[in-house]
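This report refers to the structure that appears directly beneath it.
Model, not experiment: these values are computed from the prediction. Along the sequence shown, the residues carry numbers beginning at 1.
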Amino acid sequence: MADRTGTRSTRTVVIIGLGRFGGQIADSMLRMGFDVLGVDSSPAVVQQWADRLTYVVQADSTDTEALRQLGLRDFQRVVVGIGSDVEASVLTVLSLAEIGVTEVWAKAVSGKHGKILRSVGARHVIYPEAAMGDRVAHLITSKMLDFIEFDDGFSIAETRLPSGTAGRRLGETDLRSRYGVTVIGVKIPGERFTYADGDTELREGALLIVSGTTEQVQRFAAAT
């Protein structure tokens, strides 16, 4: 996991806590071609991941010296997937900060938990349950096929074509002036995704990727 200069590879991610959340990230990172160094306090969990990860070790992540001995300071990305044990989560982030790790992503189970994580050194705080709950709620109550909302109220969604637009070119429609959204791309079933411009033909059955404020995107989806 070190390159020719002896520094840790930028293609390696450390994941502390290999439960459901950490395990899902580990699987995704492996599929993306990254090396994954896993750390967990449970011998059973370590054994479960032994044949799947690049390297996995049993360790108490709240122990600053243990993290130092693992050389975690040398890694550019560390994910703390511990959520159910808030004390262990906070102490792990604090220990990482104490050994000099700056790029820490940490799972939070509540707003207060997230504030504490930030105060002790987590640069990125993730609220997976809240984010998934919001996403599913939007999908259930709208015609959107997929939906991502960012912290500043900006959203990206996948929708069907609004009525009356099939067969026209994007530049011939008034979608932006009517709804305020920007059509980023078009996906025809069975074909590859293409970025949209004014000459893009809106063919029957096409799916649109649009961006805008959450309110604009919801209003646009309601017209499909």
Side-chain angles (χ1 to χ4, degrees), residues 3 9-15 20-36 52-54 75-79 81 103 105-107 123-224:
D3 61 21
S9 170
T10 58
R11 299 293 297 176
T12 302
V13 177
V14 179
I15 300 178
R20 183 173 60 180
F21 176 72
Q24 288 176 342
I25 295 178
D27 276 334
S28 296
M29 299 305 295
L30 289 172
R31 288 196 299 271
M32 293 167 64
F34 283 80
D35 293 324
V36 177
R52 301 164 63 185
L53 300 185
T54 311
F75 291 90
Q76 294 187 9
R77 307 177 186 90
V78 178
V79 178
E103 288 296 320
W105 282 256
K107 173 185 176 180
R123 181 166 294 184
H124 313 274
V125 176
I126 308 162
Y127 300 88
E129 286 84 2
M132 181 56 69
D134 287 344
R135 179 171 176 268
V136 172
H138 280 291
L139 294 177
I140 291 173
T141 59
S142 73
K143 294 183 180 180
M144 291 183 284
L145 304 176
D146 206 350
F147 174 81
I148 301 174
E149 185 175 27
F150 299 90
D151 290 341
D152 58 358
F154 178 82
S155 299
I156 297 176
E158 180 181 22
T159 74
R160 296 182 175 85
L161 291 180
S163 58
T165 58
R168 301 171 63 187
R169 296 189 183 280
L170 180 59
E172 299 170 347
T173 70
D174 57 352
L175 297 182
R176 181 154 193 174
S177 61
R178 288 181 62 188
Y179 302 101
V181 299
T182 298
V183 179
I184 300 172
V186 178
K187 179 68 171 66
I188 306 295
E191 298 183 13
R192 298 180 62 182
F193 170 89
T194 58
Y195 288 100
D197 57 30
D199 292 327
T200 299
E201 182 181 358
L202 304 180
R203 291 160 53 184
E204 190 70 44
L207 302 178
L208 302 182
I209 309 300
V210 302
S211 67
T213 67
T214 301
E215 181 180 353
Q216 289 169 336
V217 168
Q218 289 177 323
R219 189 159 57 92
F220 178 79
T224 63

side-chain contact (heavy atoms from CB on, under 4.5 Å) between Thr12 and Phe34, intermediate numbers included = CA-CA 6 Å; Thr12 302; Phe34 283 80; over 6 Å; no
inquiry  = With a 4.0 Å cut-off on N to O distance, would you call Glu158 and Lys143 a salt bridge?
reply    =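 Salt bridge: no.
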Nearest 0.5 Å, what's the [atom1]-[atom2] distance between [X] and [Y]?
X	Y	atom1	atom2	answer
Ile25	Lys107	CD1	NZ	9.0 Å
Thr194	Glu201	OG1	CD	11.0 Å
Arg77	His124	CZ	NE2	10.0 Å
Ile184	Ser211	CD1	OG	3.5 Å
Thr224	Leu208	OG1	CG	9.0 Å

Check: [Y] and [X] side chains under 4.5 Å, non-hydrogen atoms:
X	Y	result
Val13	Asp35	no
Arg160	Leu207	yes
Leu170	Asp199	no
Thr182	Val210	no
Val79	Val14	no
Tyr179	Gln216	no
Gln76	Glu103	no
Leu175	Phe220	yes

How close do [X] and [Y] get, counting heavy atoms only, and between which atoms?
X	Y	result
Gly212	Val217	N-CG2, 3.7 Å
Gly205	Pro189	O-CD, 3.3 Å
Lys187	Phe193	CD-N, 3.7 Å
Ala157	Met144	CB-SD, 3.5 Å

For [Y], does its backbone N or O pair with a side-chain atom of [X] as donor and acceptor, under 3.5 Å?
X	Y	result
Glu191	Ile188	no
Arg52	Ala26	no
Thr54	Val36	yes

inquiry  = Side chains of Thr200 and Asp197 only: does a donor on one sit below 3.5 Å from an acceptor on the other?
reply    = yes
task = Verify side-chain contact (heavy atoms from CB on, under 4.5 Å) between Val125 and Trp105, making sure each step is shown before the conclusion.
result = CA-CA 6 Å; Val125 176; Trp105 282 256; over 6 Å; no
request  = Walk me through it: do Thr165 and Arg168 pass the test side chain to side chain donor-acceptor pair (under 3.5 Å)?
outcome  = CA-CA 6 Å; Thr165 58; Arg168 301 171 63 187; over 6 Å; no
